[in-house]
Amino acid sequence: MLKEKIRELSGQIHSDVIRLRRHLHSYPELSFEEHETSAFVKSELDRIGIPWKPVAGTGVLATITGKLPSDKVVAVRADMDALPIQEMSSVPYASKHPNVMHACGHDFHTSSLLGTARIIQSLKESFRGTVKFFFQPGEEVIPGGASHMIRDGVLDNPKVQAVIGQHAMPRIEAGKIGIRKGKHMASMDSLFVRIIGRGGHGAQPHLNIDPVVIASHVIIALQQIVSRMAHPGDPTVLSFGKVIANGAINVIPDEVYMEGTFRAMNETWRDKAHVRMKKMAEEMAGAMGGKCEFRIQRGYPFLVNEEKLTEEVHRHAADYLGEENVLDEDIWMAAEDFAYYSQVVDSCFYLCGVGNREKGIRSSLHTPTFDIDENALAMSTGLMAYIALKQLGN
Ligand SMILES: [Zn+2]
Ligand SMILES: [Zn+2]
């Protein structure tokens, strides 16, 4: 039986996959600078005899075609980059690179996918179809390595019919996954706003144009984009996390600078909201005697899990893990560049539990104390292999 065979193989390679993960964790590299990581992935693929080619700079595309005839193709994806965070941990495999850390679990994704590749390679004689392995660069920063992978043709020759991805999730206990059909994660755009007035003495506002008051109005008014203009069924978030009015108690500054994030789950609405936000901020500042420069940096699109594929992945996961270990996820307004795949080909992205309350492993993603319960690797390697082979009709 395929399931039993995969379980056995994932057990056999478990300690080796932990070794891979610890190596990657010790030597993290920032987005689009994954040179050593990429070399490590390539050497591991060489060691297990899987053909690969470089793609998208530091990315790697590996392919395994089963012996039985089939033209079906499924892709499985991992991202490889780390974050500019100083790790605060005493584990022996803590980051050896100052201010760089695998705090988003991409070391887990990469080592897990190498394990999955090894399992599938062991079954090469007995399955039908082709599995492509995407080891992609730069998930954490715009424009996102996924867009480069697609640009460089990873979805073609042979044409991929489905892409499967996973993300480490400490909120979920190791041994379980979370999955959601349909819209799952948000699009993300960065806002850079400069409100320009005319500074002066705080005691003489009538002689100045106060950009602080204008900026305050603009922040409040822009929330109407969310509360009054977004369709109630379209999740939308607008947050300003940076507002700098660098005057003093009695000094009105010349300008106020703000940065924020806009998130949505509908590309048509997203475009419309961009126009409205800009117009509202500029005209409001103008009406109050000031000026506004409103710049939007476009980030990732929203992530949608194709319904039929996701139902199938859910079924395979329940079969492999037990139904009680497959949790339903809510929408999540974070962004992920896996969304690029989901915009052009049937895709499914699930959250893989890596937390363990008893062991005290619960730090959130992107924190200096993030870690995983490595037992999750025994499940994640086999699960992804099982899902991929089942999708190919095995
Ligand atoms: Zn991240
Ligand atoms: Zn991530």
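Read the numbers this way: they start at 1 and go in the same order the structure lists the ligands and their atoms.
- Within 6.0 Å of atom CZ in Arg22, more than 12 heavy atoms from other residues, nucleotides or ligands are found, so the atom counts as buried in its surroundings.
- Not a single N, O or S atom of Glu336, from either the backbone or the side chain, sits less than 2.8 Å from the Zn ion (ligand 1).
- To the nearest 10 degrees, the angle centred on the Zn ion (ligand 2) between NE2 in His167 and SG in Cys104 reads 90°.
- Distances from the Zn ion (ligand 1) to the N/O/S atoms of Glu140 are shortest for OE2.
- Note on His109: not counted as a metal contact of the Zn ion (ligand 2), no N/O/S atom lying under 2.8 Å.
- Tyr27 and His23 have tilted rings, their planes meeting at an angle from 30° to 60° on a 0 to 90° scale.
- Residues His167 and His106 bring their aromatic ring centres within 6.0 Å.
- Side-chain contact check for His184 versus Leu351: some heavy-atom pair is nearer than 4.5 Å.
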